[in-house]
Amino acid sequence: MNKKPCVLVSGGAGYIGSHTAVELIGAGMDVVITDNLANSDMSGVEGARRITGVDIPFVDVDCCDRAAFAEVFRRYDFDSVIHFAAFKAVGESVDNPMKYYRNNLASFMNVVELMHESGRHNIVFSSSATVYGEADELPVTEKSPRKPATSPYGNTKQMCEDILRDSVGAYPSLKGIALRYFNPIGAHPSALIGELPRGVPQNLVPYITQTAAGIRECLSVFGDDYPTPDGSCLRDYIDIVDLAKAHVAAIRRMIENKNKERYEIFNVGTGRAVSVFELVKTFERVNNLRLNYKVAPRRAGDVVAIWADTSLANSELGWKAERPLEETLRSAWAWEKHVRGIE
Ligand code: NAD
Ligand code: WQD
């Protein structure tokens with residue numbers, strides 16, 4: 001019998017990592033989670049353990065600590081890594097660029113180097129639609145040009161993509177897939193794992209759910225005078241479980257040697273543009289509540305509109321976003337209620 005594939009999920013205690021661990025296990029793979037809990041706590045790992053019924057191994061380690069991280073590579077028998085471990089607050093990265101360059105670049109360089117040195121093969125890197133900036137043509141395809149990054153965070157995503165491309169080019173045993181996520185939202189249907197932002201949420205959906213829970217007084221809709229149908233920005237909101245499943249497809253593609261190039265890039269979105277007002281109204285409708293919101297000035301640095309052409313991921317990964325926005329927004333509220341002990 002073939003051995004089960006084993007995947008190291010770095011940053012697996014976090015929002016996307018914990019959901020991905022669940023889907024990998026659901027797909028019959030073994031998982032090892034590493035995280036230094038810099039932006040998370042053990043609830044993500046514990047939730048993933050409860051959902052799967054598997055006592056997922058967890059190692060508290062900073063990927064930037066090369067010696068300590070190397071120990072994980074000696075101890076566990078995995079052939080693939082999904083690298084989520086990074087800081088992700090765009091505004092903070094502008095104020096404290098070194099924090100972002102040091103953490104996001106050093107951690108990824110350690111992953112790549114340790115994989116190369118220990119003869120591991122497959123890397124999935126968490127990239128972002130932020131690399132497209134304000135796109136000239138919509139929807140964006142993987143061939144759309146990357147625009148100069150408008151934040152150090154965005155720059156770390158571009159630089160890590162390049163590090164992966166160059167390393168795969170130089171080290172014949174390595175294969176890599178960069179997944180460019182659009183806007184991940186929602187929570188697992190069990191409401192046992194979800195997004196846990198620290199402090200005031202920077203992203204739209206956690207701000208909405210915290211406002212609905214009474215933690216925030218009022219949602220500010222940043223701008224209603226954009227050149228879009230209702231004046232608010234357009235984004236491609238991708239369900240977190242769908243996003244997690246894209247990682248399973250990416251890992252499988254490399255394990256089964258189905259990749260056409262040794263380094264590949266895929267957009268992970270729904271292909272559908274949704275405005276801020278549409279999202280707010282859908283949230284209200286499906287959860288049967290009224291949200292306190294007001295129009296506020298535009299937020300510096302926001303792009304007007306971005307959504308994905310997902311045809312490459314659909315055809316090559318055999319993956320497609322499936323969960324309707326309504327269900328995703330119900331899950332986001334169910335998770336917020338679970339966290340706050342509401343109802
Ligand atoms: P998250 O903060 O919930 O998860 C990241 C995890 O990495 C956290 O648990 C954190 O403690 C850990 N971590 C950070 N630096 C580490 C280090 N040096 N060593 C070990 N652990 C470390 O964020 P997320 O939303 O789950 O994002 C995961 C990845 O996806 C990140 O790379 C992020 O940049 C990328 N991404 C996120 C989004 C989004 O909107 N959430 C969009 C595009 C890309
Ligand atoms: C979505 C829309 C806001 C909050 C960011 C990063 C990107 C990626 C995903 C990591 C925008 C509006 C928001 C609020 C609002 N992360 N909004 N009121 O900016 O598309 O992308 O997260 O890679 O790199 O930049 O996501 O959720 O912040 O905003 O009106 O309180 O909601 O203006 O139009 P964004 P977001």
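Note that the numbering runs from 1 along the sequence shown for the chain. Just follow the structure's listing: the first ligand is 1, and inside any ligand the first atom is 1.
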K.L.:
Give a yes or no on whether a salt bridge exists between Glu336 and Arg340, defined as a side-chain N under 4.0 angstrom from a carboxylate O.
P.N.:
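Looking at Glu336 and Arg340, the cut-off is met.
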K.L.:
Consider ligand 1: state whether an atom of it lies below 4.0 angstrom from any non-hydrogen atom of Asn104.
P.N.:
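False for this residue.
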K.L.:
Examine Arg235 relative to Phe182 and say whether NZ or CZ is less than 6.0 Å from the centre of the six-membered ring and inside a 45° cone about the ring axis.
P.N.:
no
K.L.:
Do Asp309 and Thr141 have side-chain N/O donor and acceptor atoms under 3.5 Å apart?
P.N.:
no
K.L.:
For Phe78, is the NZ or CZ atom of Arg120 found under 6.0 angstrom from the centre of its six-membered ring and inside 45 degrees of the ring axis?
P.N.:
yes
K.L.:
If you take the nearest heavy atom of each of Thr20, Leu179, Asp35, Asn39, which one is closest to atom 2 (O) of ligand 1?
P.N.:
Asn39
K.L.:
Does a donor on one side chain and an acceptor on the other come within less than 3.5 Å for Ser126 and Tyr181?
P.N.:
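Yes, because at least one side-chain N or O of Ser126 sits under 3.5 Å from a partner of the opposite role on Tyr181.
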K.L.:
Please write down residue, atom name and distance for the protein heavy atom closest to atom 12 (C) of ligand 2.
P.N.:
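Sorting protein heavy atoms by distance from atom 12 (C) of ligand 2 puts Val276 CG2, 3.9 Å first.
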K.L.:
Under a 4.0 Å N-O cut-off, is there an ion pair linking Lys260 with Glu316?
P.N.:
yes
K.L.:
I need the atoms of ligand 1 closer than 4.0 Å to a non-hydrogen atom of Lys157, numbered in the order shown.
P.N.:
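Heavy-atom distances to Lys157 below 4.0 Å select 31 (C), 32 (O), 33 (C), 34 (O), 35 (C).
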K.L.:
Given Leu204, Val131, Asn203, which one has a non-hydrogen atom that is nearest to atom 32 (O) of ligand 2?
P.N.:
Leu204
K.L.:
With atom 6 (C) of ligand 2 as the reference point, say which of Val200, Val90, Ile16, Val304 has the nearest heavy atom.
P.N.:
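The residue whose heavy atom sits nearest atom 6 (C) of ligand 2 is Val90.
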K.L.:
Would you call Asp242 and Arg323 a salt bridge, taking side-chain N to carboxylate O under 4.0 Å as the test?
P.N.:
no
K.L.:
Whether Lys99 engages the ring of Phe87 as a cation-pi pair (distance to the six-membered ring centre under 6.0 angstrom, angle to the ring normal within 45°) should be assessed.
P.N.:
yes
K.L.:
Between Ser232 and Val276, is there a donor-acceptor pair closer than 3.5 Å when you use the side chain of the first and the backbone of the second?
P.N.:
yes
K.L.:
Quick one: does ligand 2 sit under 4.0 Å from the side chain of Gln202, the backbone, both or neither, non-hydrogen atoms only?
P.N.:
backbone
K.L.:
Quick one: nearest non-hydrogen protein atom to atom 24 (O) of ligand 2, plus distance?
P.N.:
Thr130 CB, 3.4 Å
K.L.:
For atom 28 (O) of ligand 2, which protein heavy atom lies nearest, and how many Å away is it?
P.N.:
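Protein heavy atom at minimum distance: Arg299 NH2, 2.8 Å.
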K.L.:
Heavy-atom distance to atom 40 (O) of ligand 1: which of Ser126, Ala68, Pro197, Pro184 wins?
P.N.:
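Residue with the shortest heavy-atom distance to the ligand atom: Pro184.
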K.L.:
To which protein heavy atom is atom 34 (O) of ligand 2 closest, and what is the distance rounded to 0.1 Å?
P.N.:
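Sorting protein heavy atoms by distance from atom 34 (O) of ligand 2 puts Cys233 CB, 3.0 Å first.
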K.L.:
At a non-hydrogen distance cut-off of under 4.0 Å, which region of Asn183 contacts ligand 2 (side chain, backbone, both, or neither)?
P.N.:
side chain
K.L.:
Can you sort out which atoms of ligand 2 are near Val221, meaning under 4.0 Å from one of its heavy atoms?
P.N.:
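Once the distances to Val221 are compared, the set is 30 (O).
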K.L.:
Starting from atom 18 (N) of ligand 2, which protein heavy atom do you reach first, and at what distance in Å?
P.N.:
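Of every protein heavy atom, Ser220 O, 2.7 Å lies nearest to atom 18 (N) of ligand 2.
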K.L.:
Ligand 2 versus Val303, non-hydrogen atoms closer than 4.0 Å: side chain, backbone, both, neither?
P.N.:
neither
K.L.:
Could you tell me, atom by atom, which parts of ligand 2 come under 4.0 Å of a heavy atom of Asp302?
P.N.:
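So the atoms of ligand 2 that pass are 3 (C), 19 (O), 33 (O).
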K.L.:
Measuring from atom 14 (C) of ligand 2, which candidate in Phe222, Tyr237, Phe277 has the nearest non-hydrogen atom?
P.N.:
Phe222
K.L.:
Salt bridge between Arg146 and Asp162, side-chain N to carboxylate O under 4.0 Å?
P.N.:
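Asp162 and Arg146: salt-bridged.
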K.L.:
When you check the gap from the basic side-chain N to the acidic O, do Asp55 and Arg49 get nearer than 4.0 Å?
P.N.:
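Salt bridge present between Asp55 and Arg49.
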K.L.:
Hey, which atoms in ligand 1 end up nearer than 4.0 Å to a heavy atom of Ser127?
P.N.:
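Result: 43 (C), 44 (C).
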K.L.:
With heavy-atom distances below 4.0 Å as the criterion, list the atoms of ligand 2 near Tyr153.
P.N.:
10 (C), 23 (O), 24 (O)
K.L.:
Using heavy-atom distances only, which candidate in Arg180, Arg235, Gln210, Arg298 approaches atom 11 (C) of ligand 2 most closely?
P.N.:
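Looking at heavy atoms only, Arg235 sits closest to atom 11 (C) of ligand 2.
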K.L.:
With a 4.0 Å cut-off, would you call Asp30 and Lys3 a salt bridge?
P.N.:
no
K.L.:
From the options Pro206, Ser128, Ser275, select the one whose nearest heavy atom is closest to atom 8 (C) of ligand 2.
P.N.:
Ser128
